[in-house]
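Below you'll find the structure, written out as structure tokens, and then a few comments.
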Amino acid sequence: MTKGRLEAFSDGVIAILITIMVLELRVPPRPDVAALLPLWPVFLSYVLSFIFLGIYWNNHHHLMQAVRVVNGRVLWANSHLLFWLSLIPFTTAWMGENHFAPAPVALYGVNLVCAGCAYFILTRVLLAVHGPSSLLARAVGTDSKGKISVVMYALAIPMACRMPALACGLYGAVAIMWLIPDRRIEKVLLTADE
């Protein structure tokens with residue numbers, strides 16, 4: 001099977017998720033700037049989740065550049081990732097609407113852990129299809145950044161019960177870590193083309 005439909009479907013789902021999140025932002029009833037102040041938790045949670053969805057879209061795009069073929073297992077692993085990503089608008093809204101209360105912040109972390117694990121599973125299934133000496137295997141490498149991310153999300157979950165602001169800080173730290181470009185796949189693909 002070719003990867004085109006998988007990429008198109010994944011791109012469409014992520015675009016819809018971002019659209020759903022932005023539609024959750026309610027316009028204040030008054031036309032003054034002060035009316036925006038009560039919305040800061042909703043907006044801040046939206047920004048954080050937009051960044052995470054952008055990171056997943058970006059990494060998925062780069063990953064698919066090194067993929068040559070997909071099979072049924074890959075399709076299911078990709079659907080598993082999209083399932084967890086599809087819950088981000090819900091956990092985002094609950095966290096923002098409740099001003100970063102402990103339970104919503106913890107559930108947001110659970111959502112991030114599950115999405116991170118699903119992405120890891122997707123890469124392992126793709127590696128099984130392509131083999132240990134493939135271009136994809138060289139491009140993925142050890143994926144230490146992905147593993148560190150999941151550990152940081154997991155540490156933030158129990159932290160959210162007592163210090164939700166600190167847990168959100170860990171989520172933000174992971175986002176910042178991923179905003180620093182990860183060029184390993186690009187490097188491998190460039191050297192393969194030469």
Side-chain angles (χ1 to χ4, degrees), residues 7-63 78-122 145-182:
E7 289 177 291
F9 180 68
S10 300
D11 288 350
V13 168
I14 292 172
I16 290 168
L17 296 176
I18 289 171
T19 303
I20 290 169
M21 285 192 326
V22 78
L23 291 174
E24 289 292 319
L25 298 176
R26 301 287 175 230
V27 177
R30 298 186 330 261
D32 56 281
V33 177
L36 293 172
L37 290 177
L39 299 177
W40 74 264
V42 174
F43 183 71
L44 189 60
S45 63
Y46 166 78
V47 169
L48 184 63
S49 293
F50 181 92
I51 291 169
F52 278 124
L53 286 174
I55 289 166
Y56 275 104
W57 177 80
N58 195 345
N59 288 332
H60 191 272
H61 169 74
H62 281 98
L63 183 67
N78 193 69
S79 294
H80 178 232
L81 170 63
L82 294 176
F83 170 77
W84 292 110
L85 293 180
S86 75
L87 292 175
I88 287 180
F90 172 77
T91 57
T92 299
W94 195 38
M95 185 171 68
E97 290 292 332
N98 291 288
H99 297 247
F100 300 98
V105 171
L107 184 64
Y108 187 76
V110 169
N111 193 178
L112 293 175
V113 165
C114 291
C117 289
Y119 189 84
F120 179 79
I121 291 168
L122 175 60
K145 223 171 162 178
K147 293 172 186 169
I148 290 168
S149 299
V150 172
V151 169
M152 288 175 70
Y153 297 147
L155 291 172
I157 295 168
M159 189 182 298
C161 297
R162 292 198 178 259
M163 298 173 283
L166 195 54
C168 287
L170 270 179
Y171 302 150
V174 172
I176 290 168
M177 180 175 72
W178 280 102
L179 288 175
I180 299 166
D182 186 357

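Atom set for the values below is all heavy atoms of this structure, side chains included, hydrogens, waters and symmetry mates excluded.
Side chains of F43 and L36 form no contact here, defined as non-hydrogen atoms less than 4.5 Å apart. The side-chain heavy atoms of N58 and W178, taken from C-beta on, include no pair separated by under 4.5 Å. Between I157 and V113, the closest side-chain pair of non-hydrogen atoms falls below 4.5 Å. At least one side-chain heavy atom of L17 sits under 4.5 Å from a side-chain heavy atom of S86. Counting only heavy atoms from C-beta outward, the side chains of E24 and T92 never approach each other to under 4.5 Å.
When all heavy atoms of C168 and M95 are compared, the pair lying nearest together is SG-SD, 4.3 Å. For the pair C114 and W84, the tightest heavy-atom approach, listed with the atom from each and the gap, is CB-CD2, 3.3 Å. Between I121 and H80, the shortest heavy-atom distance links the atoms CD1-CE1, 3.9 Å. In terms of heavy atoms, G96 sits closest to S45 at CA-OG, 3.4 Å. Minimum interatomic distance between A173 and M152 (heavy atoms only, all atoms of both residues): CB-CE, 3.9 Å. Closest of all the heavy-atom pairs between P102 and C161 is CB-O, 3.8 Å.
Rounding to the nearest 0.5 Å gives a distance of 14.5 Å between CZ of F83 and CG of N78. The CD1 atom of I14 sits 12.0 Å away from the OG1 atom of T19 when rounded to the nearest 0.5 Å. Atom CD1 of residue I55 and atom CG of residue L179 lie 5.0 Å apart, to the nearest 0.5 angstrom. Here S79 contributes atom OG and F9 contributes atom CZ; the two are 6.0 Å apart, rounded to the nearest 0.5 Å. Rounded to the nearest 0.5 angstrom, Y56 OH and L81 CG are separated by 7.0 Å. Between the CD1 atom of I88 and the CD1 atom of I20 there is a distance of 11.5 Å, given to the nearest 0.5 Å.
Using bins of under 30°, 30° to 60° and over 60° for the plane-to-plane angle, the ring pair F52/Y153 lands in the perpendicular bin. Between W94 and F90, the two ring planes are parallel [angle under 30°; tilted spans 30° to 60°].
Using modelled atom types and a 3.5 Å distance limit, the side chains of W57 and D11 yield a donor-acceptor pair.
Other residues, nucleotides and ligands contribute at most 12 non-hydrogen atoms within 6.0 Å of the CZ atom of F50.
Proximity of a side-chain donor or acceptor of S49 to a complementary backbone N or O of Y46 within less than 3.5 Å is not detected.
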Practice task
Could you go through the side-chain contact (heavy atoms from CB on, under 4.5 Å) check for H60 and L122 one step at a time?
Solution key: CA-CA 10 Å; H60 191 272; L122 175 60; 4.0 Å; yes
